[in-house]
Participant: 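Structure below; questions to follow.
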Amino acid sequence: MNLFKYFKDIVVGELEQMAGAGELPAGLDYARVTVEPPRERGHGDLSTNAAMVLAKPAGRKPRDLAEALAARLGKLDDVTGVEVAGPGFINLRLVPGVWYARLAEILKEGTAYGDSDMGAGEAVNVEYVSANPTGPLTVGHARGAVVGDALAGLLAKVGYKVTKEYYINDAGGQVDTLARSAYLRYREALGEDIGEIPEGLYPGDYLKETGKALAARDGDKWLGKDEAEWLPEVRQFAIDSMMDLVRADLDFLGVHQDVFSSERKLVAAGGVEEVLKFLEERGLTYTGVLEPPKGKTPEDWEPRPQLLFKATQFGDDVDRALKKSDGSWTYFAGDMAYHLDKFRRGFATMINVWGADHGGYVKRMTSGVKALTEGKGDLDVKLCQLVNLKRGGELVKMSKRSGTFVTLREVIEEVGKDVVRFIMLTRKNDATLDFDLVEVMEQSRDNPVFYVQYCHARCCSVLRHAAAEMPGVSLDPVSLAGSDLNRLTDSGELDLIKLLAEWPRLLESAADAHEPHRVAFYLYDLAGAFHGLWTKGKDNAELRFLLPDDPAMTAARLALVQATAFVIASGLEIFGVTPVEEMR
RNA sequence: GGCCCCGUAGCUCAGUUGGAUAGAGCGACAGAUUCCUAAUCUGUAGGUCGCAGGUUCGAAUCCUGCCGGGGUCACCA
């Protein structure tokens, strides 16, 4: 359970009683009342801002109101101390039993501890990766892939019904370029000397396989034909081939999406016409000429009438084109159709994970979603900043042309998928991330992957030693939950339990903010608290986990060890990282 | 020029959706350390939260304007 939410309900309950008794005006809004762990541990276990938030609407002084509420809270069974502090905070100290109960709860629930019904089964769509099917995935793609995947896991953890989705951009000019590039490799596969890959086509070697496969399937039937004849077939073949590549890379990274939506299929099925009809019926389209961008007019700018969507009515800066000058749909038109499709499939809440270079596109799409869902849908776009791939502090220079390009696959082969996944979550999505191939393999405290994994491994190690050396102690979690937990009175032990008890709250706030990186920082803190406790046992033998002369105390300590392992494992599970049981 | 993101300790970054005396790791400095469950530990110093206003009981957090860095800018995807 989320202890803080539990006590917030209690505080609100007391406030309602005060209102009932005439001590407070009726009908106050308690939404801004919070119950949180105080920043300073010395201030107690729980802190509420209720008096400060309500003082004004209640027409009372914050401290007076705080005293009145504090008097009531002090009478609660679980509360052992209450004080009014600062401008009107109420700090509560809880009886230790509350904390021991949390520990027992973790042991009974295992890695399910922290699951909640916050999402109430609401359907959420998380769309991520959605890389153009024109080549293998890069480290940059991996960031979006991992952020999206972890966010999906996080939302599922707190009770949302999550669909993980990939949008295949298989309808624009880039896939025509892909088709021409593949056709060249096809000719090569059939023995032709194709020389240098011309400017504007994809030079990557990975297309050689595609060319060979096409030659193997179709023989020479496309040779010497007009482009118009072979292009559709070759294009689809190349797209399928590239998507196989992408899926294999995602699989290697441990990412498995539920739905792959094809832009081409959506457009072919009339999705865009439907969008157009919807917008036209509401008077949201017109044919007009856009102003050139101020300050920087493109060389080839010319005023041109276009079919436009009235995006400015929904928060965008300018109206946006739905049709290109050659009469074909813009990418945006297809994306509108896609988002309408998602909404109609039952997703009022949509999250898209994009690269930061798409930042200029966010308002366009959110305003589009507002229009298409008539305000009932919500789109949150998470932008992932660049990843700087480094090796021992040196930036790994990457250039597609010079062939020094490092693929995601190569990186995973070098450091492993778990490392890649964890590191991608050690920064906020909108901050750039340094990924140093040397540093991520170091076994030190400044390498969070190691530090967190080692915490889990160390817990497992302690439990293994316990099994070997103290066979009298029953190690199954339920037995441990029934041990004398109230003997855990050292400050380090209590701090660790309190940190573990914050897990459900952390999950809910991270999920609410759509910020999976918070889980990584929590795990790092948790690992620090655990390692600190372990170290205390080095200095003071009485604080060791395993005390052969005191099986009861050992059981209580092992309860803490096992609970820590559960929470670390459950955090890593959200990240799709396998918790290791030993590191040798 | 418009829009978006970033600016916090020497470095890399957190900061619980507006809370109390702004935190962590590294680095620096000062100590401890064959003890064991497996990769040392403790302490100290270090800050005008880019700058200036505003909102209020209270601002690193919200608003406005500047400064600096990055991204992006009609028909690419």
Participant: Quote, to the nearest angstrom, the P distance that separates U16(B) from C6(B).
Facilitator: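 Rounded to whole Å, the distance is 13 Å.
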
Participant: For RNA chain B, report each stem as range with range, ordered by first number, or say none. Use Watson-Crick or G-U wobble pairs under 3.5 Å, at least 3 in a row.
Facilitator: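 Runs of three or more consecutive pairs: B:1-7 with B:67-73, B:10-13 with B:23-26, B:28-32 with B:40-44, B:50-54 with B:62-66.
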
Participant: Please report the distance, rounded to the nearest Å, between CZ in Arg445(A) and C1' in U42(B).
Facilitator: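 Value for this atom pair: 12 Å.
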
Participant: Salt-bridge test for Glu502(A) and Arg505(A): reply yes if a basic N is under 4.0 Å from a carboxylate O, no otherwise.
Facilitator: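 Result for this pair is no, no salt bridge flagged.
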
Participant: If I compare all heavy atoms of Arg143(A) with all of Leu386(A), which pair ends up nearest, and what's the gap?
Facilitator: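 Nearest heavy atoms, Arg143(A) then Leu386(A): NH1-O, 3.4 Å.
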
Participant: For the side chain of Arg445(A) and the backbone of Gly528(A), is there at least one donor-acceptor N/O pair under 3.5 Å apart?
Facilitator: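 Checked: no pair found.
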
Participant: When the P atoms of C66(B) and C29(B) are considered, how many whole Å apart are they?
Facilitator: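 Nearest-Å result for C66(B) against C29(B) at atom P: 45 Å.
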
Participant: C1' atom, A38(B) versus G43(B): distance in rounded Å?
Facilitator: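 To the nearest whole Å, 26 Å.
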
Participant: Restricting to ring pair (Phe, Tyr, Trp, His ring centres under 6.0 Å), what partner residues turn up for Tyr166(A), sequence neighbours left out?
Facilitator: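 Listed in chain order: Phe260(A).
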
Participant: With no angle test and no hydrogens, is the base of A32(B) tied to the side chain of Asp539(A) by a donor-acceptor pair under 3.5 Å?
Facilitator: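 No such pair is found, so the answer is no.
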
Participant: Ignoring backbone atoms, test whether Tyr454(A) places a side-chain nitrogen or oxygen under 4.0 Å from the OP1 or OP2 oxygen of A39(B).
Facilitator: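 Yes, such a contact exists.
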
Participant: Please state whether the rings of Tyr331(A) and Tyr361(A) are parallel, tilted or perpendicular, taking 30° and 60° as the class boundaries.
Facilitator: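 The arrangement is tilted - the two ring planes meet at 30° to 60°.
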
Participant: Give the rounded distance in Å between these two atoms: CD of Glu581(A) and P of A38(B).
Facilitator: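 Value for this atom pair: 17 Å.
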
Participant: When the nearest nucleotide of RNA chain B is assigned to Ile90(A) and to Pro37(A) on a heavy-atom basis, which residue is associated with the more 5' position?
Facilitator: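 Comparing both residues, the 5'-ward one is Pro37(A).
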
Participant: Considering only the P atoms, how many Å lie between G10(B) and U72(B), rounded to the nearest integer?
Facilitator: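 Here G10(B) and U72(B) have their P atoms 32 Å from each other.
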
Participant: Would you mind telling me which residue lines up with the more 5' stretch of RNA chain B, His514(A) or His531(A), judged by nearest nucleotide?
Facilitator: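 It is His514(A), whose closest nucleotide lies nearer the 5' terminus.
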
Participant: Under 4.0 Å between a side-chain nitrogen and a carboxylate oxygen: does that hold for Lys5(A) and Glu508(A)?
Facilitator: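 Yes, Lys5(A) and Glu508(A) are salt-bridged.
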
Participant: With respect to the side chain of Arg304(A), which nucleotide from C75(B), A20(B), A77(B) is positioned closest?
Facilitator: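 The answer is C75(B).
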
Participant: Determine if the base of U17(B) is syn or anti; take syn to mean the glycosidic torsion is within 90° of 0.
Facilitator: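 U17(B): syn glycosidic orientation.
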
Participant: Are Glu493(A) and Arg557(A) ion-paired here, with the side-chain N under 4.0 Å from a carboxylate O?
Facilitator: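 Salt bridge present between Glu493(A) and Arg557(A).
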
Participant: Could you give the distance separating C41(B) and U34(B) at their C1' atoms, to the nearest angstrom?
Facilitator: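 Result for the C1' pair: 15 Å, nearest Å.
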
Participant: With distance as the sole test, does Thr48(A) use its side chain to make a donor-acceptor pair with the main-chain N or O of Thr34(A) at under 3.5 Å?
Facilitator: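 Yes, the answer is positive, given that a donor and an acceptor are paired below the 3.5 Å cut-off.
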
Participant: Base, sugar-phosphate, or nothing for Glu582(A), non-hydrogen atoms under 4.0 angstrom?
Facilitator: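 Contact class for Glu582(A): base.
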
Participant: NZ of Lys363(A) versus C1' of A74(B): gap in Å, rounded?
Facilitator: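 Taking NZ of Lys363(A) and C1' of A74(B), I get 17 Å after rounding.
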
Participant: So if I take every side-chain heavy atom of Glu40(A) and compare against C36(B), C3(B), G23(B), which nucleotide ends up nearest?
Facilitator: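 Among C36(B), C3(B), G23(B), the one nearest the side chain of Glu40(A) is G23(B).
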
Participant: Does the pair Asp436(A)/Arg391(A) count as a salt bridge with the N-to-O cut at 4.0 Å?
Facilitator: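 No, Asp436(A) and Arg391(A) are not salt-bridged.
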
Participant: Within the 3.5 Å criterion, strictly below it, is a donor on Asp240(A) or Gln236(A) matched to an acceptor on the partner's side chain?
Facilitator: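 Result is yes, a qualifying pair exists.
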
Participant: Quick one: Leu290(A) CG to A74(B) C1', roughly how many Å, whole number?
Facilitator: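 To the nearest whole Å, that distance equals 5 Å.
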
Participant: Starting at CG of Leu463(A) and ending at P of A38(B), how long is that distance when rounded to a whole Å?
Facilitator: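 Roughly 14 Å, once rounded to whole Å.
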
Participant: When you compare G25(B) with U42(B), how far apart are their P atoms, in angstrom units rounded to a whole number?
Facilitator: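 One P to the other, the span is 9 Å.
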
Participant: Starting at atom NZ of Lys382(A), determine the distance to atom P of G71(B), rounded to an integer number of angstrom.
Facilitator: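 Distance check: Lys382(A) NZ to G71(B) P gives 22 Å.
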
Participant: Within less than 4.0 Å of OP1 or OP2 of C57(B), is there a side-chain N or O belonging to Lys56(A)?
Facilitator: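 Lys56(A) to C57(B) OP1/OP2: side-chain N or O found under 4.0 Å.
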
Participant: Write down the distance between CG (Leu46(A)) and P (A20(B)), rounded to a whole number of angstrom.
Facilitator: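 These atoms are roughly 16 Å apart.
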
Participant: Do we see Tyr524(A) stacking on the base of A24(B), given a limit of 5.5 Å between centres and 30° between planes?
Facilitator: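 Taking the rule of under 5.5 Å and under 30°, the ring of Tyr524(A) does not stack on A24(B).
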
Participant: What is the nucleic acid contact for Ala541(A), judged by heavy atoms within less than 4.0 Å: base, sugar-phosphate only, or nothing?
Facilitator: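 Ala541(A): no heavy atom of the nucleic acid under 4.0 Å.
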
Participant: From A38(B), A77(B), A74(B), pick the nucleotide closest to the side chain of Tyr361(A)?
Facilitator: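 Given the options A38(B), A77(B), A74(B), the side chain of Tyr361(A) is closest to A77(B).
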
Participant: Determine the contact category for Asp319(A): base if any of its heavy atoms lies under 4.0 Å from a base atom, sugar-phosphate if only primed atoms, P, OP1 or OP2 are that close, otherwise nothing.
Facilitator: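 Result for Asp319(A) = nothing.
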
Participant: Looking at every strand, decide which applies to Asn49(A) at a 4.0 Å heavy-atom threshold: base, sugar-phosphate, or nothing.
Facilitator: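 It contacts base atoms.
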
Participant: Taking atom C1' in both G23(B) and G15(B), compute the distance separating them and give it to the nearest angstrom.
Facilitator: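 These two C1' atoms come out 7 Å apart once rounded.
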
Participant: Starting at the 5' end of nucleotides 6-14 of chain B, put B wherever the base has a protein heavy atom under 4.0 Å, S where only the sugar-phosphate does, and a dash everywhere else.
Facilitator: S-----SSS

Participant: Using whole Å, report how far NZ of Lys536(A) lies from C1' of C36(B).
Facilitator: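 Computing the Lys536(A):NZ to C36(B):C1' distance gives 18 Å.
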
Participant: Among A74(B), A38(B), A77(B), find the nucleotide with the atom closest to the side chain of His358(A).
Facilitator: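 Minimum distance to the His358(A) side chain belongs to A77(B).
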
Participant: Answer yes when Asp434(A) and Lys390(A) have at least one side-chain N-carboxylate O distance shorter than 4.0 Å, and no when they do not.
Facilitator: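 Counted as a salt bridge, because a side-chain N and a carboxylate O are separated by less than 4.0 Å.
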
Participant: Tell me what Glu302(A) touches on the nucleic acid: a base, only sugar-phosphate, or nothing, going by heavy atoms under 4.0 Å.
Facilitator: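 Base contact.
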
Participant: Taking the basic N atoms (NZ, or NE/NH1/NH2) and the acidic carboxylate oxygens, is any pair closer than 4.0 Å for Lys342(A) and Glu127(A)?
Facilitator: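 A salt bridge links Lys342(A) with Glu127(A).
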
Participant: In whole Å, what separates the P atom of G65(B) from that of G46(B)?
Facilitator: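 Their P atoms lie roughly 37 Å apart.
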
